[in-house]
Amino acid sequence: MSWISDPNFSEDQPFGPQTLPYGVVDGGVAVRVGDRALLLKSLALGKCSEYVQGDSLDPLLKAGRPVWSVLRAKLREIVTASSAPKGAELVGIETAKLPFTVGDYVDFYSSRHHAENVGKMFRPDGDALTPNWTHLPIGYHGRAGTVYVSGTEIVRPNGQKRGSEGPKFGPSERLDIEAEVGFVCGGPQAARVSTSRAAEHVFGVALVNDWSARDIQAWEYQPLGPFLAKSFATSIGAWITPLEAFSVARVPTPPLPNKLHDYLTCDQPWGLDITITVELNDTIVARPPFREMSWSFVQQLAHMTVNGATVRPGDLFASGTVSGPEKNERGSFLELSWGGKEPFKLDDGSTRSFLEDGDTVKLTATAPGEGGSVVGLAEVVGTVRSA
């Protein structure tokens with residue numbers, strides 16, 4: 001029996017001792033234990049203490065894998081002990097904030113199901129996939145300054161949209177979500193990171209909602225790709241689950257139809273058996289399975305740095321929309337409503353194709369842990385308001 005009496009701090013709950021995600025609350029750096037936060041600054045953590053004294057995870061991200069492993073092992077001992085250690089302080093999680101300084105932000109496009117659905121909608125007479133899709137993880141560089149912590153209101157973006165008599169300007173009328181999994185980087189700055197070394201540069205995992213303005217995107221994206229339609233807001237969970245927590249949730253990625261270049265080959269399975277739940281106004285509308293992603297995060301990081309670009313502590317990259325083969329596994333409203341042609345119904349009787357002002361989207365996710373336990377990713381919540 002642990003000294004922590006929170007009923008949600010158990011191995012059959014997402015934030016039990018098997019998870020221990022890191023975050024920052026008003027009292028400083030903490031780990032989440034059920035629905036409480038254990039502050040770290042006053043605990044006896046040996047040489048690891050210097051990395052958790054402030055109000056940011058930045059020093060810990062820079063410390064690297066050896067420190068991360070030692071600290072996690074020490075914290076597991078502390079939280080599973082029968083009595084509280086000296087200096088232990090449990091506080092609420094309500095004040096959780098963006099826990100690290102976001103460096104560069106990259107978003108990928110790695111779900112074959114999502115890519116094929118989009119291709120069928122926009123290229124009905126052509127190939128669903130572009131010729132390069134099965135050869136490399138397609139991605140683009142986003143805007144780090146508009147990565148917001150869960151709970152931040154999302155302001156409907158303005159931009160140009162296609163009109164019958166030329167482009168028109170105004171608020172997006174086809175505001176959408178993208179249910180994604182994000183990876184927070186750490187360790188020494190490095191370039192040309194191989195797939196076998198990539199995990200050494202990934203501190204942890206977080207849920208991401210990469211909000212999208214589909215009407216703005218449709219007009220502006222050719223020939224250079226996403227811009228105003230994506231850069232206005234990206235939401236991330238307030239608690240970063242260590243990569244090590246997913247050790248038993250690793251699965252092979254679905255096979256690709258062609259031989260890969262050597263830098264993208266993997267000697268270990270690095271897909272993750274994470275299931276996301278998407279709720280709109282308290283109605284569950286989809287359960288996208290991350291295990292269906294064709295490109296793993298180690299391949300994404302290898303591709304991102306193969307040209308000599310560096311990865312550094314605080315960099316964030318996201319998987320791209322997570323979608324599965326079934327309709328109820330689609331991770332965007334664009335897919336769920338098939339471009340607005342098939343509105344979906346909510347529990348209150350209303351229907352949606354895209355987001356209306358006042359709508360609230362919540363993403364949650366779990367993965368299998370050791371011995372039948374579950375590993376959780378902190379929720380991502382955002383409510384839309386008018387510009």
Side-chain angles (χ1 to χ4, degrees), residues 14-15 21 23-26 32 35 92-99 102 105 107 142-159 161 170-182 206-217 226 228-240 276-288 316 318 321-322 330-337 340 343-366 376-387:
F15 300 108
V24 174
V25 294
D26 279 353
R32 182 168 172 174
D35 291 331
I93 61 173
E94 297 79 12
T95 61
K97 57 201 72 177
L98 186 64
V102 181
Y105 171 54
D107 190 36
R143 185 176 176 86
T146 50
V147 175
Y148 301 120
V149 72
S150 173
T152 304
E153 274 193 323
I154 303 303
V155 179
R156 185 178 296 273
N158 288 316
K161 299 162 288 182
S172 172
E173 297 169 357
R174 292 165 69 91
L175 186 59
D176 197 2
I177 69 158
E178 290 188 346
E180 306 191 16
V181 174
L207 273 179
V208 166
N209 184 349
D210 202 31
W211 306 84
S212 300
R214 300 298 184 186
D215 43 0
I216 297 172
Q217 185 176 5
L228 299 184
K230 303 287 291 182
S231 63
F232 64 96
T234 300
S235 297
I236 186 173
W239 300 89
I240 313 302
I276 303 173
T277 299
V278 180
E279 294 182 46
L280 174 58
N281 299 342
D282 299 320
T283 298
I284 295 176
V285 295
R287 297 186 188 274
L316 170 67
T321 305
V322 181
R330 298 172 182 173
S332 69
F333 297 162
L334 175 71
E335 295 169 89
L336 283 171
S337 71
F344 53 92
K345 193 171 184 178
L346 304 184
D347 289 346
D348 62 6
S350 64
T351 60
R352 291 290 187 280
S353 292
F354 297 98
L355 289 162
E356 299 180 2
D357 291 346
D359 283 349
T360 296
V361 177
K362 181 169 75 170
L363 308 182
T364 55
T366 58
L377 290 174
E379 67 181 22
V380 176
V381 178
T383 300
V384 177
R385 69 172 176 87
S386 62

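The model shown is predicted, which means the values in this text are computed figures rather than measured ones.
- Using modelled atom types and a 3.5 Å distance limit, the side chains of Asn281 and Thr283 yield no donor-acceptor pair.
- For Thr360, the side chain to side chain donor-acceptor pair (under 3.5 Å) partners at least two apart in sequence or on another chain are Thr383.
- With sequence neighbours left out, the side chain to side chain donor-acceptor pair (under 3.5 Å) criterion links Trp211 to Ser235.
- Here the closest non-hydrogen pair linking Leu336 and Ala286 is CD1-CB, 4.2 Å.
- Salt bridge Asp26/Lys97: present, at least one basic N to carboxylate O contact under 4.0 Å.
- Side-chain atoms of Val24 and Trp239, non-hydrogen and from C-beta on, never get closer than 4.5 Å to each other.
- Nearest heavy-atom pair across Ala318 and Asp107 is CB-OD1, 3.5 Å.
- A heavy-atom distance below 4.5 Å is found between the side chains of Thr234 and Tyr105.
- We find the OG-CZ distance between Ser212 and Phe232 to be 6.5 Å, quoted to the nearest 0.5 Å.
- Using a distance-only test at 3.5 Å, with no hydrogens or angles considered, no donor-acceptor pair links the side chain of Ser350 to the main chain of Leu346.
- For the residue pair Thr277 / Arg287, a side-chain donor-acceptor distance below 3.5 Å is found, with atom types taken as modelled.
- Residue Asp357 comes nearest to Ser386 through the heavy atom pair OD2-CB, 3.1 Å, listed as atom of the first residue, atom of the second, then distance.
- When the ring pair (Phe, Tyr, Trp, His ring centres under 6.0 Å) test is applied to Phe15, no partner is found at least two apart in sequence or on another chain.
- Taking CD from Glu180 and CG from Leu207, the interatomic distance works out to 10.5 Å, rounded to the nearest 0.5 Å.
- Separating the CG atom in Asp215 from the CG atom in Leu175 is a distance of 8.5 Å, to the nearest 0.5 Å.
- In the displayed structure, Asp348 atom CG is contacted under 6.0 Å by more than 12 heavy atoms of other residues, nucleotides or ligands.
- The two residues Pro99 and Ile240 have their closest heavy-atom pair at CG-CG1, 4.0 Å.
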Which is it for Ile236 and Val380 under the side-chain contact (heavy atoms from CB on, under 4.5 Å) test, yes or no, and what are the steps along the way? CA-CA 6 Å; Ile236 186 173; Val380 176; 5.6 Å; no
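- With sequence neighbours left out, the salt bridge (charged side-chain N to carboxylate O under 4.0 Å, His left out) criterion links Arg214 to Asp176, Glu178.
- Pairing each heavy atom of Pro288 with each of Gly331, the nearest pair is CG-CA, 3.8 Å.
- When side chains are defined from C-beta on, Arg330 does not count as touching Val278, because their heavy atoms never get closer than 4.5 Å.
- Between the CG atom of Leu363 and the CD1 atom of Ile177 there is a distance of 5.5 Å, given to the nearest 0.5 Å.
- Residues Pro343 and Ser353 have side chains in contact (heavy-atom distance under 4.5 Å, counting atoms from C-beta outward).
- Residues meeting the side chain to side chain contact (heavy atoms under 4.5 Å, CB included) test with Pro14, sequence neighbours left out: Thr366, Val374.
- Within the 4.5 Å cutoff, the side chain of Ile276 has heavy atoms near those of the Val181 side chain.
- Between the side chain of Asn209 and the backbone N or O of Ala179 there is no donor-acceptor pair closer than 3.5 Å.
- How far OG1 of Thr364 is from CD1 of Ile284: 7.5 Å, rounded to the nearest 0.5 Å.
- The main-chain N or O of Leu355 is found under 3.5 Å from a side-chain atom of Arg156 such that the two form a donor-acceptor pair.
- Here the closest heavy-atom approach between residue Pro226 and residue Lys230 is recorded as CB-CG, 3.4 Å.
- Separation of atoms CZ (Arg174) and CZ (Phe354) is listed at 3.5 Å; rounding is to 0.5 Å.
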Which atom pairs, one a donor and one an acceptor, fall under 3.5 Å between side chains of residues 145-155 and the rest of the protein, sequence neighbours left out?
{"residue": "Thr146", "atom": "OG1", "partner": "Arg143", "partner atom": "O", "Å": "3.4"}
{"residue": "Thr146", "atom": "OG1", "partner": "Ser231", "partner atom": "O", "Å": "2.6"}
{"residue": "Ser150", "atom": "OG", "partner": "Glu379", "partner atom": "O", "Å": "3.3"}
{"residue": "Ser150", "atom": "OG", "partner": "Val381", "partner atom": "N", "Å": "2.9"}
{"residue": "Thr152", "atom": "OG1", "partner": "Val149", "partner atom": "O", "Å": "2.8"}
{"residue": "Glu153", "atom": "OE1", "partner": "Arg385", "partner atom": "NE", "Å": "3.0"}

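- Side-chain contact check for Arg352 versus Phe333: every heavy-atom pair is 4.5 Å or farther apart.
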